[in-house]
Number of protein chains: 4
Amino acid sequence: MNKVILIGRLTRDPEIRYTAGTGIAVTTFTLAVDRPYIGQSGQREADFIPVVCWRKLAELVANNLTKGRLIAVSGSIQTRKYQAQDGTNRYATEVIADEVKFLDRAKEQTGAFKANDEIATDEGDFFPVDGEDDIPF
Amino acid sequence: MNKVILIGRLTRDPEIRYTAGTGIAVTTFTLAVDRPYIGQSGQREADFIPVVCWRKLAELVANNLTKGRLIAVSGSIQTRKYQAQDGTNRYATEVIADEVKFLDRAKEQTGAFKANDEIATDEGDFFPVDGEDDIPF
Amino acid sequence: MNKVILIGRLTRDPEIRYTAGTGIAVTTFTLAVDRPYIGQSGQREADFIPVVCWRKLAELVANNLTKGRLIAVSGSIQTRKYQAQDGTNRYATEVIADEVKFLDRAKEQTGAFKANDEIATDEGDFFPVDGEDDIPF
Amino acid sequence: MNKVILIGRLTRDPEIRYTAGTGIAVTTFTLAVDRPYIGQSGQREADFIPVVCWRKLAELVANNLTKGRLIAVSGSIQTRKYQAQDGTNRYATEVIADEVKFLDRAKEQTGAFKANDEIATDEGDFFPVDGEDDIPF
DNA sequence: TTTT
DNA sequence: TTTT
């Protein structure tokens, strides 16, 4: 089990790229998440958390979000090894988003979007995922 | 382990009461949480989740939130048995909030508040909880 | 956003049923989740939380879990209105599971299972969901 | 809002240190968290997540956990900047634990421990946190 | 009894 | 109606 939920603001516009062979969309951004207390005497009071989105969610984020926007992200923590320029091994820890919810501009455009959603329409509407019948508990 | 995180809107103004003997503040409200998909053919598309806050958080919520406000709640699920008017036993399931974050009116007033916080000032500022030293990982 | 994570034990064997028209499997059970503190003077020290699983996950749970087993559940809170025998409206609050992880008997049989998984083999192995390429952060 | 929940096993015995001036206990370990699917063709199928505990929880973890133990952790993601040996700035992302629950050896010793708990007794019992009166919802 |  |  590996669950993360964050609420924060984008520190910059998101960046979209495409994987080399397969052309899959991947968007990255950093989320500034306020700590729930005032740091002692001028210390940093937010965490800057790297977030990665794939496929439809990558396109949705790249097309609809900009620096400063307030969002909620749910996903999981992923670690990976990579080679730095100097050839040494480094380890990165990132959040892989599987759901993003826009929290400001709530009047015009709101919605939660999941990792496998179709791209959102202008109406910012929701898409069916798996509506269930009534529950006979 | 018993963790809940919700984002939604108050269906009404919160209600504050005080426990009989000890006069402890307890505030209750219902949070409308949109489901991430369109229900098939006009079905209900939100869950209406009962939330309970205690003490300082109870006062904070009662004094600062009203019907329609967008918030994030973290807490836990609690169940309890009670007697209905007809004398039969009933079971209630509620979320006990230990943190509430105001998400709209983000410009004027924002903040996350925890179950044991002092009452918030008008500035909507944060209060120290347990700032830590640097981490020697 | 509507996220729940619980760790607890089944109070009884799970019950499986099938929806009337469509024959979709739905399994229900109650999870006893210990509170993180000792109740004052012999009060209840666990919450008894109703959990519902659908489809493959319903079958997996019904076939593999019994009273007393320790599991982790992730899902969401759902509320619904129903008619009691006396014709009055009642409201139920339940957790809809989308992932269940078996935590005891960890040597012989472990695994996390998601709402849309194929039914598990005897090996208790994992099934592909959406393995991703490397992340160019 | 910044919430993390992980279930996994320690990759090694935890390491305890004490902050320079103030002598506060801080324990670090890495948690191996299985991914919920089989990686394509022999790729890594777990994330290795750095976890940090402070004070009482640091001592509890250092004294009671060893390599291979299965635990649940709840906490938050924290990022920090540090200087590498070569003088360049690096960024680390870690989970700061505020609750740890032991999941194996459930017969002999179980319990959930919070960031501010007293040190656990041998009985592995729970400690009072904030038991509440009945809820007049 | 439900919010935007 | 509750589990270890």
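Naming convention: chains lettered A, B, ... in sequence-line order (proteins, then strands); numbering from 1 in each chain.
- In this structure, CG of Leu65(B) is placed 16 Å from P of dT3(E), rounded to the nearest angstrom.
- Side-chain atoms of Tyr91(B) lie closest to dT2(F) of the nucleotides dT2(E), dT2(F), dT4(E).
- Atom-to-atom, CZ of Arg69(B) to P of dT3(E) comes out at 17 Å; the value is rounded to the nearest Å.
- dT2(F) atom P lies 14 Å from atom CG of Asp47(C), rounded to whole Å.
- With dT3(E), dT4(F), dT2(E) as the candidates, the nucleotide lying closest to the side chain of Thr30(B) is dT2(E).
- Nucleic acid contact class of Gly68(B) (heavy atoms, under 4.0 Å, all strands): sugar-phosphate only.
- Distances shorter than 4.0 Å separate some side-chain N or O of Lys81(B) from OP1 or OP2 on dT1(F).
- Checked for salt-bridge contact, Arg9(C) and Asp104(C) meet the test: a charged N lies under 4.0 Å from a carboxylate O.
- Rounded to whole Å, atom P of dT1(E) lies 14 Å from atom OH of Tyr82(C).
- Put simply, CG on Asp34(C) is 11 Å from P on dT3(F), counting in whole angstrom units.
- Listed by chain and residue number, nothing satisfies the salt bridge (Lys or Arg N to Asp or Glu O under 4.0 Å) test with Arg12(C) (two or more places apart in sequence, or in another chain).
- At least one test fails for Arg80(C) against the ring of Tyr91(C): distance under 6.0 Å to the centre or angle within 45° of the axis.
- For Glu94(C) and dT2(F), the CD to C1' distance is 16 Å, given to the nearest whole Å.
- Residue Asp13(C) contributes atom CG, which lies 12 Å from atom C1' of dT3(F) at whole-angstrom precision.
- The listed nucleotides are dT1(E), dT4(E), dT2(E); the one nearest the side chain of Asn89(C) is dT1(E).
- Distance, Asn2(B) CG to dT3(F) C1': 14 Å, rounded to whole Å.
- Listed by chain and number, the residues in a side chain to side chain contact (heavy atoms under 4.5 Å, CB included) with Ser74(B) are Ile5(B), Asp98(B), Glu99(B), Met1(D), Lys3(D) (sequence neighbours excluded).
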